[in-house]
Novice: 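Here it is, the structure in full.
Remember, it's a predicted structure, so these values are computed and weren't measured experimentally.
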Amino acid sequence: MFQPIGDQGRAALVERRIADAIMGGVLHAGERLPAETDLAQSFGVAPATAREALLALRERGLITTRRGRHGGSFVADTADPTTFALDALAATSRVALRDAATHYATITAAAVELAARRADPSEIALIRQRLERVDPADPIDWRRASDDAQIELSALSQSARLTREQMRLQAELSPLFALADREPERRTATRERFWALLDAVERGDPTTAVHLSRAAVRDAVEWLIDLRETLGAS
């Protein structure tokens, strides 16, 4: 998120990138943003530009500013990722949604196939242990943990390119996947399916790992399309 914008370093672009991170659930309510000078340096813009972007975010109610020793800019408690995700889903055509899912499924399947061939079982055990510490009844914690676990699994492919693309797609689609996490039954099913995927990778079974990975994406996109239709999207 905090990568240089370069020649397009305008306040509107800084504002949009931070707003997308907030409404996409990457930045959470109460989380502190970097200082203006640090933001400016990260984005490659002037401090005045970063200040202008923060002002716009405050006017939109996405961030708040606190004074004093422990002050700074913080994500507002009222920032609602679910509203953002529902709006984004309604604005995405069915064709575009399926296309994004195909891309995601292709990258994820390639990564888990290589992971099944290259990963050490002890590395899978560590991912499983971290997931076991997450309260499955908390959809926010589960989504963050499952995103991290998916990226960790991709990293076990030992392909830097696949891992970078997985990270990008995870950030793009995770807010939509999080919509399903609101339903306890779907959250449980997703957890069990990911557990089965970890089992397949751990025993070195790339065929099953790829099948489970693709099936999970198909199920998710069909659910999102159904939800999109209930929103009255054309």
Novice: Let me see the working for Leu131 and Trp142 under side chain to side chain contact (heavy atoms under 4.5 Å, CB included), right down to the final yes or no.
Specialist: CA-CA 8 Å; Leu131 284 176; Trp142 164 249; 3.8 Å; yes
Novice: State, yes or no, whether a side-chain contact exists between Leu179 and Arg182 at a heavy-atom distance under 4.5 Å.
Specialist: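 Yes - at least one pair of side-chain heavy atoms lies under 4.5 Å apart.
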Novice: On the ring face of Phe74, is Arg66 found with NZ or CZ under 6.0 Å from the centre and within 45° of the axis?
Specialist: yes
Novice: Any side-chain heavy atom of Leu39 sitting closer than 4.5 Å to one from Pro34?
Specialist: yes
Novice: Got Gln150 and Asp147 here, is their nearest side-chain heavy-atom distance under 4.5 Å?
Specialist: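 The answer is no; the side chains never approach within 4.5 Å.
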Novice: Using only heavy-atom distances, determine whether the side chains of Arg58 and Thr65 contain a donor-acceptor pair under 3.5 Å.
Specialist: yes
Novice: Minimum heavy-atom separation for Leu173 and Ala100, please, with both atom names.
Specialist: CD1-O, 4.1 Å
Novice: Counting C-beta onward and ignoring hydrogens, is there a side-chain heavy-atom pair between Arg128 and Asp199 closer than 4.5 Å?
Specialist: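 Heavy-atom side-chain distance check passes, below 4.5 Å.
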Novice: Would you sort out whether Glu132 and Arg191 count as a salt bridge (charged side-chain N to carboxylate O under 4.0 Å, His left out), showing the intermediate values?
Specialist: CA-CA 10 Å; Glu132 287 173 344; Arg191 189 172 185 268; over 6 Å; no
Novice: Any side-chain heavy-atom pair from Ile63 and Ile22 closer than 4.5 angstrom?
Specialist: yes
Novice: Is any NZ, NE, NH1 or NH2 atom of the basic residue among Arg130 and Asp148 found under 4.0 Å from an Asp or Glu carboxylate oxygen of the other?
Specialist: no
Novice: With a 4.0 Å cut-off on N to O distance, would you call Glu113 and Arg117 a salt bridge?
Specialist: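 Yes, Glu113 and Arg117 are salt-bridged.
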Novice: Measure the shortest side-chain to side-chain distance between Leu86 and Leu227 over non-hydrogen atoms and say whether it is less than 4.5 angstrom.
Specialist: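 Yes, at least one pair of side-chain atoms sits under 4.5 Å.
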Novice: Check Asp138 with Arg144, please: is the shortest side-chain N to carboxylate O separation under 4.0 Å?
Specialist: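 Salt bridge absent between Arg144 and Asp138.
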